[in-house]
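Read the structure below first, then the notes.
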Amino acid sequence: PGAEAVDGGDVGLLEQAYISTIHGFCARLLREHAIEAQVDPQFQVLDEVHAGLLRQAVLERVLHHYSLRRPQEFLEFSRHFKGSQYPEALLSVYDTVRRLGGDPGAKSGLLPPAPDGAAAAQREAVADLLGELHCQYNQRKRLLAALDFEDLEELALHMLQREAALAGRISRRFQEVLVDEYQDTSPVQDQIIGLLAAEARLFVVGDAAQSIYGFRNADPEGFRKQAEAARRMDGLIDLRQDFRSRPEIIAAVNRHFLPRFANTGTPFKPLKTDPRFADFFPKDQPSVELLLIGAESGKLGETRPFEARHLARRIRDLIESGALRITKKQQRDYGRQLGYGDVAMLFGSASDIKLYERALQDLGIPYFAETGRGFWGAREVRDVVSFLRVLDNARNEVAVASVLRSPMYGLSDDALYLLAEQAHALPGGSLADVLAEAEAIAGFPAEDAARAGIPAEDAARASIPAEDAAR
């Protein structure tokens with residue numbers, strides 16, 4: 001719908017808009033046309049973790065039966081792999097074939113030609129195992145009425161290719177199709193989008209230099225083709241003007257990246273500061289700092305802890321000094337002194353984020369991690385889970401200690417040590433047994449005494465059988 005329809009108050013039309021990830025879109029398409037797609041309209045979608053565990057379980061079964069039916073061939077097959085890495089290798093090939101739109105059940109043309117007879121036998125064994133894995137994996141998914149992410153793409157693409165009349169009706173439903181981060185689409189996704197936009201205006205946003213999902217078979221070539229087609233129609237828009245950053249930051253970015261793109265085949269296009277949004281107040285502090293951190297060995301894994309601690313100290317010093325202020329004049333809080341909430345830390349990956357979290361915690365710097373350990377690893381969630389474990393069993397020492405140290409009660413390390421020492425001095429004693437008498441423990445911190453009494457009451461309630469508590 002046009003903007004005038006929404007401005008007219010018919011916001012209900014927004015609920016009909018297809019605004020989602022490519023997998024969310026494919027799932028909606030399959031449910032709306034379940035008969036044509038030949039799927040159960042109530043199917044569930046397996047996330048990557050559950051789908052991976054299911055594939056692994058199926059492959060273990062396939063390999064076990066293979067070793068029993070054809071033991072000599074299995075030994076010959078497995079000896080070509082280092083250690084016992086053949087399950088991981090098979091799963092990697094299987095996932096790659098599917099993400100590229102191939103059929104692991106089709107033995108012919110699935111793998112490259114073999115150079116000799118021994119390799120040919122190995123190739124045939126791999127093709128057989130992949131085909132059997134694909135067959136049994138599909139059977140398990142049918143029993144669960146489930147589809148994985150690759151299924152969503154494959155089934156949606158096959159439906160659109162097979163049902164030409166339906167594909168035309170679906171395409172005519174859209175006047176415009178907008179796809180963001182197009183450089184990270186796979187060949188299968190590129191085909192789906194092409195069919196959907198056959199009778200619509202297609203608008204794609206992306207940057208080939210930012211393609212980061214090659215391990216998932218994303219191919220920036222699709223974006224390059226779209227950009228070239230737009231250029232031929234004079235419809236290519238270069239988004240090079242920055243309206244958020246100070247000119248000094250833009251200049252530093254351009255200076256750093258320009259030489260690094262020299263021999264990559266992808267020309268670097270320098271960013272520009274938009275003069276309409278470049279009204280910044282002058283400041284004495286530098287806009288860019290380069291902190292060089294190194295370890296004696298030079299190994300990255302040993303450098304990370306030093307980097308995390310140094311960065312945390314620098315953040316603390318900058319904020320506590322009060323020297324930094326909001327300098328963009330268009331901001332409502334222009335001139336305000338910066339606080340910790342104005343600082344963002346960006347990482348290439350989340351694998352080492354715990355090191356930086358620990359460094360911030362050690363300096364008492366408040367923070368919020370958008371990514372990292374995931375939902376169940378978040379501090380707040382772990383505290384709640386520990387509290388539930390205490391309610392289930394008040395003698396769970398690890399859970400009790402975790403709850404006592406959490407912000408819910410906030411006992412100090414000294415207080416927790418004295419409680420543990422007192423509890424372990426009793427035959428079969430636990431932390432829950434000594435909480436009520438915390439004040440009587442010699443040397444127990446006075447500021448912790450009152451807080452220790454609260455979990456003592458909770459622990460006592462948790463020790464009462466549920467049927468007695470109800471009465």
Side-chain angles (χ1 to χ4, degrees), residues 241-258 260 270-373 377-380 383 405-408 410-414 445 447-448:
Q241 287 189 311
D242 184 282
F243 57 90
R244 296 176 178 173
S245 304
R246 292 184 64 95
E248 299 94 327
I249 295 177
I250 299 301
V253 169
N254 289 336
R255 181 176 180 180
H256 176 78
F257 284 103
L258 184 59
R260 284 161 176 78
L271 299 175
K272 300 178 181 179
T273 302
D274 192 323
R276 297 172 298 173
F277 301 95
D279 192 10
F280 290 94
F281 189 79
K283 65 188 183 77
D284 297 328
Q285 297 290 327
S287 296
V288 179
E289 289 185 9
L290 180 61
L291 306 179
L292 300 178
I293 310 296
E296 292 183 1
S297 66
K299 294 181 180 179
L300 187 61
E302 297 181 11
T303 303
R304 291 293 191 203
F306 292 100
E307 178 183 272
R309 291 194 292 269
H310 192 83
L311 188 58
R313 285 195 297 268
R314 184 58 182 147
I315 291 172
R316 179 197 60 188
D317 294 344
L318 286 172
I319 298 302
E320 298 300 329
S321 70
L324 297 182
R325 297 182 179 275
I326 301 293
T327 60
K328 191 171 184 179
K329 295 182 179 179
Q330 290 92 342
Q331 294 288 111
R332 290 192 301 271
D333 53 354
Y334 162 72
R336 174 179 61 80
Q337 180 179 321
L338 263 65
Y340 287 115
D342 298 303
V343 179
M345 300 171 68
L346 305 180
F347 302 93
S349 69
S351 57
D352 293 321
I353 196 172
K354 60 182 180 296
L355 296 175
Y356 298 86
E357 291 179 325
R358 174 58 63 86
L360 295 173
Q361 292 171 3
D362 290 345
L363 294 181
I365 298 175
Y367 71 91
F368 170 77
E370 184 69 26
T371 60
R373 293 166 299 193
R379 172 68 183 270
E380 298 84 354
D383 289 341
R405 282 292 289 120
S406 75
M408 285 187 278
L411 263 66
S412 65
D413 289 335
D414 291 341
E447 61 273 17
D448 291 313

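FYI, the numbering just counts along the sequence from 1. The figures here come from the full heavy-atom set of this structure, side chains too, leaving out hydrogens, waters and symmetry mates.
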* With sequence neighbours excluded, what pairs up with Phe257 under the ring pair (Phe, Tyr, Trp, His ring centres under 6.0 Å) test? ->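 Residues passing ring pair (Phe, Tyr, Trp, His ring centres under 6.0 Å) with Phe257: none at all.
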
* To do: Going by the salt bridge (charged side-chain N to carboxylate O under 4.0 Å, His left out) test, name the single residue among Asp413, Asp383, Asp414 that passes it with Arg405.
  =>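 The salt bridge (charged side-chain N to carboxylate O under 4.0 Å, His left out) with Arg405 is passed solely by Asp413 among Asp413, Asp383, Asp414.
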
If you round to the nearest 0.5 Å, how far is [atom2] of [Y] from [atom1] of [X]?
{"X": "Gln361", "Y": "Glu357", "atom1": "CD", "atom2": "CD", "result": "6.5 Å"}
{"X": "Tyr340", "Y": "Leu360", "atom1": "OH", "atom2": "CG", "result": "9.5 Å"}
{"X": "Leu290", "Y": "His256", "atom1": "CG", "atom2": "NE2", "result": "8.5 Å"}
{"X": "Ser406", "Y": "Glu380", "atom1": "OG", "atom2": "CD", "result": "10.5 Å"}
{"X": "Thr273", "Y": "Ile250", "atom1": "OG1", "atom2": "CD1", "result": "5.0 Å"}
{"X": "Thr327", "Y": "Arg325", "atom1": "OG1", "atom2": "CZ", "result": "11.5 Å"}

* To do: Ignoring hydrogens and angles, tell me if any N or O in the side chain of Asn254 forms a donor-acceptor pair with the backbone of Leu271 under 3.5 Å.
  =>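 Yes, Asn254 side chain to Leu271 backbone: donor-acceptor pair under 3.5 Å.
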
* Short side-chain to backbone donor-acceptor contact, Asp242 and Ser245, under 3.5 Å ->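 Checked: pair present.
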
* Shortest non-hydrogen contact from Ala359 toward Ala308 ->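 Taking every non-hydrogen atom into account, CB-O, 3.5 Å.
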
* Exercise: identify the closest heavy-atom pair between Arg316 and Leu363 ->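 Nearest pair, atom of Arg316 first, then Leu363: NH1-CD2, 3.5 Å.
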
* To do: Given side chain to side chain contact (heavy atoms under 4.5 Å, CB included), test His310 with Leu291 step by step and report yes or no.
  => CA-CA 9 Å; His310 192 83; Leu291 306 179; 3.9 Å; yes

* Non-hydrogen side-chain atoms of Ile319 and Gln337 separated by less than 4.5 Å ->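 Sidechains of Gln337 and Ile319: no contact.
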
* To do: State, yes or no, whether a side-chain contact exists between Ile315 and Met345 at a heavy-atom distance under 4.5 Å.
  =>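 With C-beta onward as the side chain, the pair touches.
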
* Which residues satisfy the side-chain contact (heavy atoms from CB on, under 4.5 Å) test with Lys272, sequence neighbours excluded? ->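 If we apply the side-chain contact (heavy atoms from CB on, under 4.5 Å) test to Lys272, skipping adjacent residues, the hits are Arg240, Gln241.
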
* Start with the C-alpha gap between Arg309 and Asp362, add the side-chain angles, then the distance that decides, and say whether side chain to side chain contact (heavy atoms under 4.5 Å, CB included) holds. => CA-CA 9 Å; Arg309 291 194 292 269; Asp362 290 345; 5.8 Å; no

Partners of [X] by side-chain hydrogen bond (donor to acceptor under 3.5 Å, both in side chains), sequence neighbours excluded?
{"X": "Tyr334", "result": "none"}
{"X": "Asp317", "result": "none"}
{"X": "Arg314", "result": "Glu289"}

* **Flag if over 12 foreign heavy atoms under 6.0 Å of CZ, Arg358** =>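 Check fails, neighbour count at 12 or below.
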
* Would you mind listing every salt bridge (charged side-chain N to carboxylate O under 4.0 Å, His left out) that reaches into residues 246-258, with sequence neighbours excluded? =>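 For residues 246-258: Arg246-Glu248.
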
* To do: Could you give me the CA-CA distance, side-chain angles and deciding distance for Glu307 and Arg304, then say whether salt bridge (Lys or Arg N to Asp or Glu O under 4.0 Å) is met?
  => CA-CA 5 Å; Glu307 178 183 272; Arg304 291 293 191 203; 3.3 Å; yes

* Does the ring center of Tyr356 lie less than 6.0 Å from the ring center of Phe347? ->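 Yes, the ring centres sit under 6.0 Å apart.
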
